[in-house]
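In what follows, a structure is listed as structure tokens, so that the remarks can point back to it.
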Protein chains: 2
Amino acid sequence: MGDMNSLHTLEPEVDASCCVPSGKPALSAEEAQQKALVFKALADPNRLRLLSIVKAGESGESCVCDLTEPLGLGQPTVSHHLKILVEAGLLHREKRGTWAYYSLIPGALDDVAGILAAL
Amino acid sequence: MGDMNSLHTLEPEVDASCCVPSGKPALSAEEAQQKALVFKALADPNRLRLLSIVKAGESGESCVCDLTEPLGLGQPTVSHHLKILVEAGLLHREKRGTWAYYSLIPGALDDVAGILAAL
DNA sequence: CAGCTATATCGATGAATGTCAATCTACGTG
DNA sequence: CACGTAGATTGACATTCATCGATATAGCTG
């Protein structure tokens, strides 16, 4: 699979536009695209429910078989959503035997909150 | 305009599934759909930049004419994005004369962070 | 009132996305 | 090794979405 977490460090691109008295350079196009990835992952009701179920589980992890039923979705669809959440850096995947266990990456949701605060 | 913020209070729908030891009922389908709306609004790079620019402005507000140029988008597209942000409860729109001024709704981004913490 | 300007809305179009059925891979078990 | 099962991948399809050009609305100005 392609890598998703390439962090572009770039200059904030000064703009001398007409009348905005901007004290800060705001987000560049690349920064914005990077940060939008996490919100794209969160922008689906079923993915929010997946995160919620995984988080609510006492063991902190859930296998796919436990996630298809409460969502009312097919297994391939759930696998697809889980993959998106993993690629967004929100979930961790661990294969043990035949089963795949998904767990919340500690601090990941806090990091998203940090993005919002730093907008 | 239609109202967007109808808060559905509903029972969490008990599920006696196989093996998930869930201590909490997690998100219902309706709750998830409701909360996904805000993240949908945030799931676009140009909308993130709009929020960033509006927030960075010293006056706390920006008119559309100031927003089209730094984004490199057409005026109808920017108006469309702004409408989505307003409907998501993130931006406030005030028409003064010919111009429309958009400003961040205080605490709106904190509320989104709260949604994440309460997942 | 006629014209100009800022913004919103409409219609169309191409791209991205969510979902499913079918298939493939990998692991465990008889 | 053959079979069954958990999960991932593929391909297809329908829906949603971002964008633009054209047009409409509203306010200012001569």
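In what follows, chains carry the letters A, B, and so on, assigned in the order in which the sequence lines appear, proteins first and then strands, with residues in each chain numbered from 1.
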What nucleotide among dA8(C), dA8(D), dT19(D) has an atom nearest to a side-chain atom of Ser79(B)? dA8(C)
OP1 or OP2 of dT19(D) sitting under 4.0 Å from any side-chain N/O of His81(B)? yes
Nearest whole Å is fine: how far is dT7(C) P from Leu50(B) CG? 13 Å
I need the CG-P distance between Leu67(A) and dG7(D), as an integer number of Å. 9 Å
Start at the 5' end of DNA chain D and walk down; is the nucleotide closest to Gly72(B) or to Lys40(B) reached first? Lys40(B)
Kindly point out which of dT17(C), dA8(D), dC20(D) is positioned nearest to the side chain of Val64(A)? dA8(D)
How close or far is atom C1' of dA8(C) from atom CH2 of Trp99(B), stated in whole angstroms? 16 Å
Steps toward side-chain contact (heavy atoms from CB on, under 4.5 Å) verdict (Phe39(A), Leu116(A)): CA-CA 10 Å; Phe39(A) 294 110; Leu116(A) 289 174; 3.6 Å; yes
I need the single residue from Leu85(A), Leu82(A), Val54(A), Asp111(A) that forms a side-chain contact (heavy atoms from CB on, under 4.5 Å) with Leu90(A). Which is it? Leu85(A)
Side chain of Arg47(A) (C-beta onward), nearest among dA8(C), dG18(C), dG7(D): dG18(C)
I want to verify a distance call: between dG7(D), dT19(C), dA8(C), whose nearest atom is closest to the Gln75(B) side chain? dA8(C)
Nearest to the side chain of Pro76(B), which nucleotide is it out of dG7(D), dG18(C), dC20(D)? dC20(D)
Out of curiosity, Glu31(A) CD to Leu48(B) CG, how far, rounded to the nearest 0.5 Å? 11.0 Å
Ser52(A) side chain to Leu119(B) main-chain N or O, any donor-acceptor pair under 3.5 Å? yes
Euclidean distance, atom CD of residue Glu61(B) to atom P of dA6(C) [Å, nearest integer]: 17 Å
Comparing nearest nucleotides in DNA chain C, the 5'-proximal residue of the pair Thr77(A), Tyr101(B) is Tyr101(B)
OP1 or OP2 of dA8(C) versus the side-chain N and O atoms of Tyr102(B): is any pair under 4.0 Å? yes
Find the distance between CG (Leu50(B)) and CG (Leu71(B)) and round it off to the nearest 0.5 Å. 5.0 Å
Nearest-Å distance for atom pair CG/P, residues Leu42(B) and dA18(D): 12 Å
If we ignore hydrogens and angles and just use 3.5 Å, is the side chain of Arg47(A) paired with the main-chain N or O of His81(A) as donor and acceptor? no
Atom CD of Gln33(A) and atom P of dA18(D): how far apart are they, to the nearest Å? 13 Å
Counting only non-hydrogen atoms, which of residues 91-98 of chain B are less than 4.0 Å from DNA chain C? Arg93(B), Thr98(B)
Contact between Leu51(B) and Leu42(B) at the side-chain level, heavy atoms closer than 4.5 Å - yes or no? yes
Separation of His80(B) atom NE2 from dC20(D) atom P, in whole Å? 12 Å
In whole angstrom, give the distance that lies between atom CG of Asp44(A) and atom P of dA16(C). 18 Å
